[in-house]
Each structure stands twice: as C-alpha cells, then as structure tokens.
Amino acid sequence: MNKNLIALAVAAATFSGAASAATVYSDDTSSLAIGGRVEARALSSENGKQELATSFNNQAAYEKALVGQHTSNDVTDISRVRVNIDAKTQIADGVQGIGYFEREFKSDNANDENRYIYAGVNSDKYGQIVYGKADGSLGMITDFTDIMAYAGSVVGGSKLAVSDRTSNNLAYSGTFNNLTFKANYVFDGASYDAQTGQKTNANGFSTAAKYAVGDTGLALGVGYAQQKAQKEFNNIPFSNSASAADKAKNATTSQASKQTFVVASYTVGDLYFGGLYKYGHRDANNLVNGDLTDSQGYEFAAAYTMGKAVFTTTYGFMKDERNTSGAYDELANAVSVDGTYYFNSNFRTYASYTYNMLDKNKVGKVAASDQVVLGARYDF
C-alpha cells in the first residue's frame, strides 16, 4: 500500500467502507456500489457481571453495586460486519441525487443496527444536504484525535447525540478550497421515555468548521453543539419502588446541554500530532453518583507511519466541572497505544492496549478496567 494512503488513513482514523466499495452497476447517469468490512476482534478486559442490569430502589444501592461488581479477564468475541450501499444519479449538471445505507452485524446479534439511512442532494459546487440517519457535525472535529485502530476518543466520545451519528437529522456539509463546513439539525421525533411514558424533546443542532493551512501540514477546527432533554442518572434502571426523590432526579429536563470543541493537528513526514479541548455544560454523567454535570477535557494523539506499519497513541482526560469547591471527579483518564500492519489496502491486523487510570474504588472495577484487543480487518 502506498505510504501516502496509509498516512491519509491515520489522519482520517480509518478507511470508510465506501472508499474501497465495488461498483456493481453504472451507466451514463447512475451508479451503485457495495462495500463494507469484516472485522474479527478479541477483547480481554475486566467485564462486569449483570448486577447493573437489575433495578435499584435508590441511588445508594446503585453506587454500592457499581463499585462492587465482580470482574474477570475472559476473552470476549466482539467481531462485527458492516455492509453498505452507496447510490448516485445525475439529476442536473454538477448535481447528483444520492442515497446511502449501512448495516452493522455483531457476533452476538445483540446490538445489530442500521448505522446510516439517508438520501439527499449533492452539488459539486455548493456541497451536500441529506436527511435521515446521518452524521452530525462534530465527528470531523473529534477525528483529529480519534485515530486508534480500536480504542476510541475518550473525550470526543462524549459528544452530544445531535452532533454524532443520529436519526431524524437534516445535515449539510461543504468543502470550499481548504475549508470544510458542516451543520445539522435534529428534530424532536417520536421518542418516549421508557420509565415515564412521556414524549421527550430531544431536538438540537451542531455546527463545525475545519481549515487546512495551505501546505504547512497544520489543520485547525472548531465545533459547537446544543441539545435539549438531557437526563440525570441517565441509564440507571430504577424500579417502580424507587423513592420520589430518585425518580425526580431521573426525570427528563428541558434544559439544554451545550458543548464546544477546539482542535488542531500537524502532519510532518511520517508523523502526525493532534490535540483536542472540550468544554461542556450539562453534557456528562458523574461516574460516582450519576448526576448530570458540566465537563472539561483534553486529548492528545500521535501517530508514526513506518512502511506498512502504523503506530498510534492517545491520552485523554475529562473531569466533572460542577463542584464549586475546586474538587472534582474524573470522568475519563486513559492512555491507549496500538500498532497496525497494512498488508494491502484491503487487509490489516492490529493490537491495541488501553491503560485506564480511573479510581476503581470510586467508579467500580469495570469502569476502571484496562483493555487488550487483537483484531484483523478486511475491507471490501
């Protein structure tokens, strides 16, 4: 594989399935391509048992179960397959109608999902607008540090749902010379709270811009997102016998959550460096007590390409910003390293290790566990 293509893969975090898709139909005005990946992945980590799948009568019971989870270092099969269909048709000079679909299948069939379902219009001059399940705007910002073969960005991964891949999404993107601009709006939709049965108001928007500074190797980016309907104690399955205070704490609120991201990267020869800073208002859950909180975080990433091998590392830290006394709880604190070998543009293998530095006595053994992953990936 060409070294420049490998460097491009590092900067973009990964090859997309569509990049190596095979055209199965094409005429003067239309084309249809099918692509995807088959990825075998073995995970060794301290995986918790099922205490947290049960209901708790109060927050104290939840916290006790969280910290007291049993762990093991068994190997877990987290293999997956992604298949996508990319369709285009010429509808005017320089304008195409487009449609895209991608489905992911997991080895245990538990979390299979439609990752993308959208259609829209693309202009070679003015950009692209689509509706459906599509990317939000902040993904291109968090990609500055989300470069690992397996481990994701611990800070970038906390972005609001409206700025990530989501449904009911009207999204625009356009590239003008060295500037790329994105904006999207997510409508309310018919989403209902599982506990209260009430319709949630989860609308919001995000916007981002990325600029490559000539041929200097420097790139800069900034993004903002805002979303309603964030919930405190977001994913804690309280039983019907929970106290009124705990139920109230878990109720949907109409207050908005907000996030701002600032990023920069520099590429020189075979080296890549990236940095990210985030400040969020009501955008994260405290791992100790489940409270919805403000957050602040930063992340650094580096990569080195050596022939067909790529070595990457990231460090991410995020903290709770709600405590006015100056004390804080850590929301993320981890360093990851991995190595990937590209046999060619279609096949690669990798090994990844994440060292988690959260305090297991506060957040539990599972949330503070390290991870080792071995993987092999075939793109088609």
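Not measured: the values here are computed from a predicted model. Sequential numbering from 1 along the given sequence is applied to the chain's residues.
Contact of the N203 side chain with the F187 side chain is not registered, since no non-hydrogen atoms from C-beta on lie closer than 4.5 Å. M306 places none of its side-chain heavy atoms less than 4.5 Å from the side chain of D270. Taking the side chain as every heavy atom from C-beta outward, T312 and V310 approach each other to under 4.5 Å. Two residues are said to be in side-chain contact when any heavy atoms from C-beta on lie closer than 4.5 Å; Y315 and N333 meet this criterion. With a 4.5 Å cut-off on side-chain heavy atoms, Q371 and L43 count as touching. The side-chain heavy atoms of T260 and K258, taken from C-beta on, include no pair separated by under 4.5 Å. Side-chain atoms of I147 and T314, non-hydrogen and from C-beta on, do get closer than 4.5 Å to each other. The side-chain heavy atoms of D112 and R103, taken from C-beta on, include a pair separated by under 4.5 Å.
Side-chain atoms of Q90 come within 3.5 Å of backbone atoms of A92 as a donor-acceptor pair (strictly under, hydrogens ignored). Panel note: side chain K133, backbone N114; a donor-acceptor pair is recorded below 3.5 Å. Between the side chain of E104 and the backbone N or O of R115 there is no donor-acceptor pair closer than 3.5 Å. With D320 contributing its side chain and L331 its backbone, the two residues share no donor-acceptor pair below 3.5 Å. Distance alone, capped at 3.5 Å, is enough to place a donor-acceptor pair between the K308 side chain and the F343 backbone. The backbone N or O of G152 lies less than 3.5 Å from no partner atom in the side chain of D146, so there is not a single donor-acceptor pair. D294 places a side-chain N or O within 3.5 Å of a backbone atom of R282 that can act as its donor or acceptor partner. Remark: side-chain polar atoms of Q259 are paired, donor with acceptor, to backbone N or O of S158 under 3.5 angstrom. Side-chain atoms of R37 do not come within 3.5 Å of backbone N or O of R82 as any donor-acceptor pair. Side chain of S107 to backbone of D77: a donor-acceptor contact under 3.5 angstrom is found.
Across all non-hydrogen atoms, the minimal contact from N122 to Q128 is OD1-CB, 3.4 Å.
Taking the six-membered ring where the residue is Trp, Y116 and Y100 present perpendicular rings, their angle passing 60° and hence far from 30°. Note on ring orientation: taking the six-membered ring where Trp is involved, the planes of F300 and Y298 are tilted (angle from 30° to 60°). Ring geometry for Y328 versus F317: interplanar angle over 60°, hence perpendicular rather than tilted (30 to 60°).
No single ILVMFWY cluster, assembled from side-chain heavy atoms under 4.5 Å apart, contains both V130 and I91. Hydrophobic clustering (side-chain heavy atoms under 4.5 Å, transitive across Ile, Leu, Val, Met, Phe, Trp, Tyr) keeps V81 apart from L374. Linking Ile, Leu, Val, Met, Phe, Trp and Tyr whenever their side-chain heavy atoms come within less than 4.5 Å leaves V262 and Y266 in two separate clusters. Hydrophobic clustering, with ILVMFWY side chains joined whenever heavy atoms are under 4.5 angstrom apart, groups F347 together with Y341. Cluster membership for F205 and Y131, using ILVMFWY side-chain heavy atoms within less than 4.5 angstrom, is shared.
A side-chain donor-acceptor contact under 3.5 Å links S295 and D283. A donor and an acceptor atom, one from each side chain of S369 and S45, are located under 3.5 Å apart. A donor-acceptor contact closer than 3.5 angstrom is absent between the side chains of N286 and D291. With no hydrogens or angles considered, no side-chain donor-acceptor pair links S163 and S137 at under 3.5 Å.
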Going through the distances and angles, do S336 and T354 end up as a side chain to side chain donor-acceptor pair (under 3.5 Å)?
CA-CA 4 Å; S336 298; T354 297; 2.9 Å; yes
If you apply the rule side chain to side chain contact (heavy atoms under 4.5 Å, CB included), what do you find for V155 with T145, and how did you get there?
CA-CA 9 Å; V155 180; T145 54; over 6 Å; no
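Remark: K182 does not engage D135 in a salt bridge, criterion side-chain N to carboxylate O under 4.0 Å. Using a 4.0 Å cut-off between a side-chain N of Lys or Arg and a carboxylate O of Asp or Glu, R165 and E113 qualify as a salt bridge.
Residue Y126 places its OH atom among 12 or fewer non-hydrogen atoms of other residues, nucleotides or ligands, all under 6.0 Å distant. Within a 6.0 Å radius of CG in D124, other residues, nucleotides and ligands contribute more than 12 heavy atoms. Heavy atoms from other residues, nucleotides or ligands lying under 6.0 Å from OH of Y277 number more than 12. Atom CG of D27 has more than 12 neighbouring heavy atoms from other residues, nucleotides or ligands inside a 6.0 Å radius.
Judged by the 6.0 Å distance and 45° axis criteria, R348 is not positioned over the aromatic ring of Y350.
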